[in-house]
Amino acid sequence: MAKIQSVRALEVLDSRGLPTVSAEVTLADGSHGGAAVPSGASTGAHEAVELRDGDKKRYLGKGVLQAVGHVEGELARAVLGLDAADLPALDAKMIALDGTPNKGRLGANAILAVSLAAARAQAVSVKLPLYAFLRKAYGLPEDRWLLPTPMFNVINGGKHADSGLDVQEFMVVPTETPSFAEALRAGAEVYQVLKKALAALQMTVAVGDEGGFAPKLATHAEALDVLAKAIADAGYAGKVRLALDAAASEFYHDGSYVLEKKPRSAAELGEVYAAWSAKYGFVSLEDPLAEDDWSGWSALTAKLGERLRIIGDDLFVTNPQRLKRGISEKSANAILIKLNQIGSLTETVACVRDAQKAGFSTVISHRSGETEDPFIADLAVALNAGAIKTGAPCRSERLAKYNRLRQIESALGAKAEYAGGAAFRAAAAAR
Ligand code: PGA
Ligand code: ZN
């Protein structure tokens, strides 16, 4: 048993050049682990609190020195001497010390950084790769090792780019490739073909926060047409499918959804999604409606849920309580999982397990503000999550995750199974 001997933290910068928290944990046997937390832009109203200094003289108020101070002060004092093998006890102690329902006192960014760094240190101590250690630490079965289906966000809109598109993310999803390696290749080839197609249309090929292009296309249908053509031209028709993250809370104003400048009810917007889905064959639709439109979500899932995955991101915010409501009201049939929405590893794992038991599909996700830390790649494999969303095959903070998955796939060898299209079908979700 290796006890926690020291906990350090630093204010570092994320992929947008904004401050975030990194932490390092050292155990009594000398094992050492570090982690850095990500940060969202289209954050859900119900997420755990990301503590920012608000001191306008530093980083326009976005500094995280208070959170760093909490890691090295109160949190360090609470966890020094604890056994890093017992991650649930470690997280429970930090959550109790914070004492608020949303980690608002010490900061979810502070707590999560320690939670992840401790897991890494312990994995080093027991000489296991992180994904294998996490399986063991949370008592999960070791029968299957699923490599997640990647969801590549290749056209950026909403709050992530100035493309003018209301929908935040247009994704390509390799459902019919034999391996993760071939899925990565498919995503990268479609991305390069798309780049050429946009350039030929005299569109900009500069990229948004998640590495996708941000062309000023007039309508969403135009974006979908360009994408469908890029998939076909790259030779992947029927093998690579489309998915959207509308992030609809961002275009929900005064009780209506303003899409392409026209205000619409939830039911009217549902008709638009149904038409797009019929034409383009989506595998999933994330945050199609606003984060508190519970009745709208239930109606939309009843309408489209047989055909595709309806994924709750801002709706559920990786929160087991909100997920419970969603399961009982049939608000969705899939959940997006972001560590920093809830703020500890143990609560994140619990949320994924609850979702899987209810037959929901699970998608492990990055944030639009990321770091080079690939923790979520190991997490996705550890939990047999089935799918991962970590941006375009472009920008190293995104590729860090995809490349880590390649390493894991290679290390697992014949034991590695590619999740593929099954990750988006109901029968495979329940396990
Ligand atoms: P965010 O976007 O990290 O800016 O919240 C990602 C998402 O909405 O899925
Ligand atoms: Zn989202």
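All residue numbers in this chain count up from 1 along the given sequence. Just follow the structure's listing: the first ligand is 1, and inside any ligand the first atom is 1. It should be emphasised that the depicted structure is a prediction, and the values quoted were computed from it without experimental measurement. Only this structure's heavy atoms are used, side chains among them; waters, hydrogens and symmetry mates stay out.
Taking 4.0 Å as the cut-off between side-chain N and carboxylate O, R404 and D378 count as a salt-bridged pair. A salt bridge is defined here as a Lys NZ or Arg NE, NH1 or NH2 lying under 4.0 Å from an Asp or Glu carboxylate O, and E260 with K262 fails to meet this definition. The pair K389-E169 meets the salt-bridge criterion, with a side-chain N (NZ, NE, NH1 or NH2) lying under 4.0 Å from an Asp/Glu carboxylate O.
Between F251 and Y257, the two ring planes are perpendicular [angle over 60°; tilted spans 30° to 60°].
Residue side and main chain included, E286 places an N/O/S atom under 2.8 Å of the Zn ion (ligand 2). Coordination check, D287 versus the Zn ion (ligand 2): failed, since every N/O/S atom of the residue sits at 2.8 Å or beyond. With a cut-off of 2.8 Å, the Zn ion (ligand 2) has an N, O or S atom of D313 in range.
No donor-acceptor pair under 3.5 Å is formed between the side chain of N153 and the backbone N or O of G391.
Contact atoms of ligand 1 toward S368: 1 (P), 3 (O), 4 (O) (distance under 4.0 Å to a heavy atom of the residue). Less than 4.0 angstrom separates some heavy atom of D245 from each of these atoms of ligand 1: 7 (C), 8 (O), 9 (O). Interface atoms of ligand 1 facing R367, defined by a heavy-atom separation under 4.0 Å, are 1 (P), 3 (O), 5 (O). Residue E286 has at least one heavy-atom neighbour below 4.0 Å for each of these atoms of ligand 1: 9 (O). Annotation for ligand 1: atoms under 4.0 Å from non-hydrogen atoms of H160 are 1 (P), 2 (O), 4 (O), 6 (C). Less than 4.0 angstrom separates some heavy atom of D313 from each of these atoms of ligand 1: 7 (C), 8 (O), 9 (O).
For ligand 1, none of its N or O atoms has an N or O atom of L336 under 3.5 Å away. Backbone and side-chain nitrogen or oxygen atoms of K338 are examined, and one is located within less than 3.5 angstrom of a nitrogen or oxygen of ligand 1.
E372 CD: 12 or fewer foreign heavy atoms inside a 6.0 Å radius. The local environment of CG in L60 is sparse, with at most 12 non-hydrogen atoms from other residues, nucleotides or ligands closer than 6.0 Å. Other residues, nucleotides and ligands contribute only 12 or fewer heavy atoms inside 6.0 Å of the CZ atom of R8.
Using modelled atom types, one finds a donor on one side chain and an acceptor on the other under 3.5 Å when comparing R309 with S361. In summary, the side chains of S179 and E182 do not present any donor paired with an acceptor at a separation below 3.5 Å, with no hydrogens or angles considered.
With a 4.0 Å heavy-atom cut-off, ligand 1 is reached by no atom of A247.
The closest approach between a heavy atom of S42 and any atom of ligand 1 is below 4.0 Å.
Note on D245: its N/O/S atom closest to the Zn ion (ligand 2) is OD2.
Summary of contacts: the protein heavy atom closest to atom 9 (O) of ligand 1 is K389 NZ, 2.6 Å. Looking only at heavy atoms of the protein, atom 8 (O) of ligand 1 is closest to Q168 NE2, 2.9 Å.
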